[in-house]
Amino acid sequence: GLRLCFETLPSVASGELATESGTPCNPVPGTPLPVPAWSETFNTGSLPSIELVVSGDSMALGAGVLAEESFPWLLGKKLAQQINQQVTVTNLSINSGTGCDTVGRLLTYLRHKQPDLAVTAFFADDLQKYTGISQQGVLYLDPQKIKGLPTQALLTHSYAANWFWWKAIDLSSSEARAPSELEKTVLQQGLHSLQQEAARQGVRSLSTLLAPAGAPLCSSLRPESRPLHECTQLQRGGEEIRALLTQNSTDFVDLSELWNLSVTAFLPEEHTAMNETQRLPIHPNTFGHNAIAEALFPALLSGLSNRKPPH
């Protein structure tokens with residue numbers, strides 16, 4: 001049967017939700033410093049020190065792999081070796097984050113601290129909004145995204161309410177939904193604010209777009225299959241995000257075509273569960289994270305060399 005769990009998952013920390021005068025894309029000044037998923041220093045003691053901040057969703061968080069196998073960790077390690085300096089990586093990524101979460105958390109961080117480099121890692125569904133989180137085939141309800149205690153209580157204690165809730169989510173997500181102009185405008189405004197703040201502080205900001213690691217499977221799926229609908233939705237969402245980043249990001253590295261049929265870059269457990277969960281494998285395995293790090297590193301190194309002084 002259905003399982004509804006109010007559990008604490010890697011998500012937006014308490015107190016970081018938008019107020020009436022701000023949005024997740026552009027939080028109000030004074031919003032508390034976001035709590036990182038992790039922070040690691042490489043080549044300790046070799047000064048001067050460089051700080052790299054990464055913000056994204058579960059792809060950048062490294063869902064399914066160890067922290068030291070994720071591409072933000074690999075970028076920091078490789079950068080420290082290349083420049084022979086101390087490099088600290090701060091990973092602000094959260095599970096089930098949207099594009100606004102990615103932008104807003106980094107923007108808030110820049111209002112508190114002054115790193116040297118920043119990477120925003122976007123995913124093809126970043127203009128969508130979700131109230132559920134899927135982990136290993138089990139659906140969890142994120143309590144931070146449910147408005148009102150009566151609704152929370154009803155969904156917690158009523159099996160019928162649970163069933164109808166998840167059925168509605170399942171039906172609504174089975175077809176591709178074009179992001180609204182409002183969602184795109186809000187993200188565009190957030191990107192603009194992020195670029196302004198990065199330029200003001202002399203932070204070199206790099207953005208990238210990632211596709212689901214299982215994207216190569218789309219070409220072999222049956223027309224009636226649920227994952228094929230997901231392929232269509234993610235392809236459309238990726239095109240929308242790409243257009244926004246192309247127009248609103250100074251340094252954009254498009255990695256949406258990184259995967260190909262000759263590479264198995266997705267987590268094996270997500271592929272194994274594909275028939276049961278009817279979900280396309282999303283997250284990269286260790287090989288996939290290495291591929292992302294290798295593809296991003298030249299732009300990262302170039303950004304470090306071409307930093308501009310603060311305004």
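Positions are given from 1, in the same order as the sequence printed here. What you see below is based on every heavy atom in this structure, not just the backbone, and it leaves out hydrogens, waters and symmetry mates.
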Derivation and outcome, side chain to side chain contact (heavy atoms under 4.5 Å, CB included), residues D57 and D101: CA-CA 8 Å; D57 61 5; D101 293 323; over 6 Å; no

Go through the steps to decide whether L301 and I83 satisfy the test side chain to side chain contact (heavy atoms under 4.5 Å, CB included), and finish with yes or no. CA-CA 9 Å; L301 192 60; I83 65 176; 4.0 Å; yes

Walk me through whether H289 and E69 qualify under side chain to side chain contact (heavy atoms under 4.5 Å, CB included). CA-CA 7 Å; H289 278 278; E69 296 172 331; 5.8 Å; no

Go through the steps for R242 and E239 under the test side chain to side chain contact (heavy atoms under 4.5 Å, CB included), then give the verdict. CA-CA 5 Å; R242 183 185 300 108; E239 291 170 355; 3.8 Å; yes

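Looking at heavy atoms from C-beta onward, N26 lies out of side-chain contact with H192 at the 4.5 angstrom threshold. At a threshold of 4.5 Å between non-hydrogen side-chain atoms, the residues K78 and E294 count as touching. The shortest side-chain heavy-atom distance between P36 and Y109 does not fall under the 4.5 Å cut-off. Using a 4.5 Å cut-off on side-chain heavy atoms (C-beta onward), C25 and Q189 make no contact.
Atom OG1 of T286 sits about 9.0 Å away from atom CG of L267, to the nearest 0.5 Å. Annotation: the span from C218 atom SG to L228 atom CG amounts to 7.0 Å, rounded to 0.5 Å. Here D254 contributes atom CG and F122 contributes atom CZ; the two are 12.5 Å apart, rounded to the nearest 0.5 Å. Taken to the nearest 0.5 Å, the NE2 atom of H229 stands 10.5 Å off from the CG atom of L221. To the nearest 0.5 Å, atom CD1 of residue I241 and atom CG of residue L244 are 6.0 Å apart. With rounding to the nearest 0.5 angstrom, the CZ atom of R111 is 10.5 Å from the CG atom of L106.
No donor-acceptor distance shorter than 3.5 angstrom exists from the side chain of S302 to the backbone of P298, with no hydrogens or angles considered. For the pair E270 (side chain) and I282 (backbone), a donor-acceptor distance under 3.5 Å is present. Between the side chain of T108 and the backbone N or O of R105, no donor-acceptor pair lies under 3.5 Å. Of the possible polar contacts, none joining the E240 side chain to the K184 backbone as a donor-acceptor pair under 3.5 Å is found. Of the possible polar contacts, none joining the T90 side chain to the V53 backbone as a donor-acceptor pair under 3.5 Å is found.
Closest approach of M59 and F71 over heavy atoms only: O-CE2, 3.8 Å. Nearest heavy-atom pair across N285 and V65 is C-CG1, 4.0 Å. For A213 against P216, the heavy-atom pair with the smallest separation is O-CD, 3.4 Å. The shortest non-hydrogen separation linking S70 to W38 is OG-CZ2, 3.7 Å. Residues P27 and L107 come closest through the heavy atom pair CD-CD2, 4.2 Å. When all heavy atoms are compared, the tightest approach of V203 to P115 is CG2-O, 3.1 Å.
Residues L300 and L258 are members of one and the same hydrophobic cluster, defined by side-chain heavy-atom contacts under 4.5 angstrom among Ile, Leu, Val, Met, Phe, Trp and Tyr. Hydrophobic clustering keeps L74 apart from V89 (ILVMFWY residues linked when any side-chain heavy atoms are closer than 4.5 Å, directly or through intermediates).
When the options T44, D116, N43, T41 are evaluated for a side chain to side chain donor-acceptor pair (under 3.5 Å) with T88, the one that passes is T41. Of the residues listed (C231, P281, P212), the one engaging L217 in a side chain to side chain contact (heavy atoms under 4.5 Å, CB included) is P281, and it is the only one.
Listed by chain and number, the residues in a salt bridge (charged side-chain N to carboxylate O under 4.0 Å, His left out) with K77 amount to none (sequence neighbours excluded).
T120 and S55 share no side-chain donor-acceptor pair at under 3.5 Å.
In this structure, R200 pairs ionically with E197, as a charged nitrogen and a carboxylate oxygen lie closer than 4.0 Å.
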